[in-house]
Amino acid sequence: MAVGIFDSGLGGLTVLDAAQRRLPDVDFLYYGDNDRAPYGVRDAEDVFQLTNTAVHNMWDMGCNLVILACNTASAAALRRMQEAGVPEGKRVLGVFVPLIEALTERHWGDNSPPREVEVKNVALFATPATVASRAFQRELAFRAIGVDVEAQACGGLVDAIEDGDMILAEALVKSHVDALLRKLPSPQAAILGCTHYPLMQDIFQAALGPDVKVFSQGNLVADSLADYLQRRTDMHGSGAGGYYTTGTPERVSRHATQFLRREVNFQAV
Ligand code: DGL
């Protein structure tokens, strides 16, 4: 048993990396559906079906808890999977809530009514499917009032990162930030609402300028997971973790090694 981290591809490694640093004694099973990435250009039903299948595979592989380290999957599948009921002793959680709690200065489990917060103008960068779902705005509205969110669907960026084409990825970040700044010239904060984007965080920050506070999910999700595992020791897991992909293991391992700057060896699911 190990804690499962799921993404459509390589992006969840940004969450895995932070979780491994925060929880060095926990085993993790990473599962990338690289063969079917990107999810962000698929419709919600398609994303739900793919996510549901992968999470059931991970439960069957021995995980009790699976984190959807993918905003697109969290937006399209999380609530539906939880409402449909999960098998006894199993759990699935997403990545929106820790980020929105940080943005709205809340602690875990603070379900008090929405209130005014310091941040008033937020730039959201996410996949086309996440932007279309409006899931961020919905989660934000439960917790804060008076926050304007301007969303930019970053078409093409996940493909470029999955292909390891960092020159194209950099050009796309700059053009998506330009497009956002034309709609919202002075955001106070920016959300990297796709777990692939922290791999380009320096480029986002440079294009946005030093005054914009950039929020990404790695450390926030890792802290929230540490807190959760303290309360739910039955979700802790032990034993074999590892790196699994539906794509070509050699290719995925090469790109993952490049991103994490340490050797990572994927095997076929
Ligand atoms: N990392 C996924 C996310 O956080 C990328 C989705 C995709 O495959 O397009 O949304």
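Whatever order the structure lists them in is the order used to number ligands and atoms, beginning at 1. Hydrogens, waters and symmetry mates play no part in the numbers below; they use all other heavy atoms, side chains included.
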Practice task
Record the part of Ser8 in heavy-atom contact with ligand 1 below 4.0 Å; permitted values are side chain, backbone, both and neither.
Solution key: side chain

Practice task
Looking only at protein heavy atoms, identify the closest one to atom 3 (C) of ligand 1 and say how far it is in Å.
Solution key: Asn71 N, 3.3 Å

Problem - Electrostatic pair Glu139-Arg79, nearest N-O below 4.0 angstrom - result: yes

Practice task
Taking atom CZ of Arg262 as the centre, report whether more than 12 heavy atoms of other residues, nucleotides or ligands fall under 6.0 Å from it.
Solution key: yes

Practice task
Could you check atom 9 (O) of ligand 1 against the protein and tell me its nearest heavy-atom contact, residue, atom and distance included?
Solution key: Gly40 N, 2.7 Å

Problem - Within-cut-off N or O pair, Thr130 and ligand 1, under 3.5 Å - result: no

Practice task
Taking atom types as modelled, find out whether Asn57 and Tyr244 have a side-chain donor-acceptor pair closer than 3.5 angstrom.
Solution key: no

Practice task
Output yes when Arg231 and Asp227 qualify as a salt bridge under the 4.0 Å nitrogen-oxygen rule, no when they do not.
Solution key: yes

Fill in the blank from the handout: Within 4.0 Å of some non-hydrogen atom of Thr127, the atoms of ligand 1 are 6 (C), 9 (O), 10 (O)

Practice task
List every atom of ligand 1 that sits less than 4.0 Å from any heavy atom of Asp7, numbering the atoms from 1 in the order shown and giving each element.
Solution key: 1 (N), 2 (C)

Problem - Ion pair check, Glu45 and Arg80, cut-off under 4.0 Å - result: yes

Completion exercise
Per side chain to side chain donor-acceptor pair (under 3.5 Å), Tyr39 is matched among Asp33, Thr72, Thr127 by Asp33

Practice task
Look at ligand 1 and say whether Gly9 reaches it with a heavy atom at a distance under 4.0 Å.
Solution key: no

Practice task
Taking the six-membered ring for Trp and the single ring otherwise, decide whether the centroids of Tyr197 and Phe204 are under 6.0 Å apart.
Solution key: yes

Exercise for the section: Look at atom 6 (C) of ligand 1 and say which protein heavy atom is nearest, naming residue and atom and giving the distance to 0.1 Å. Expected result: Thr72 OG1, 3.3 Å

Fill in the blank from the handout: If you scan protein heavy atoms around atom 7 (C) of ligand 1, the nearest is Tyr39 N, 3.2 Å

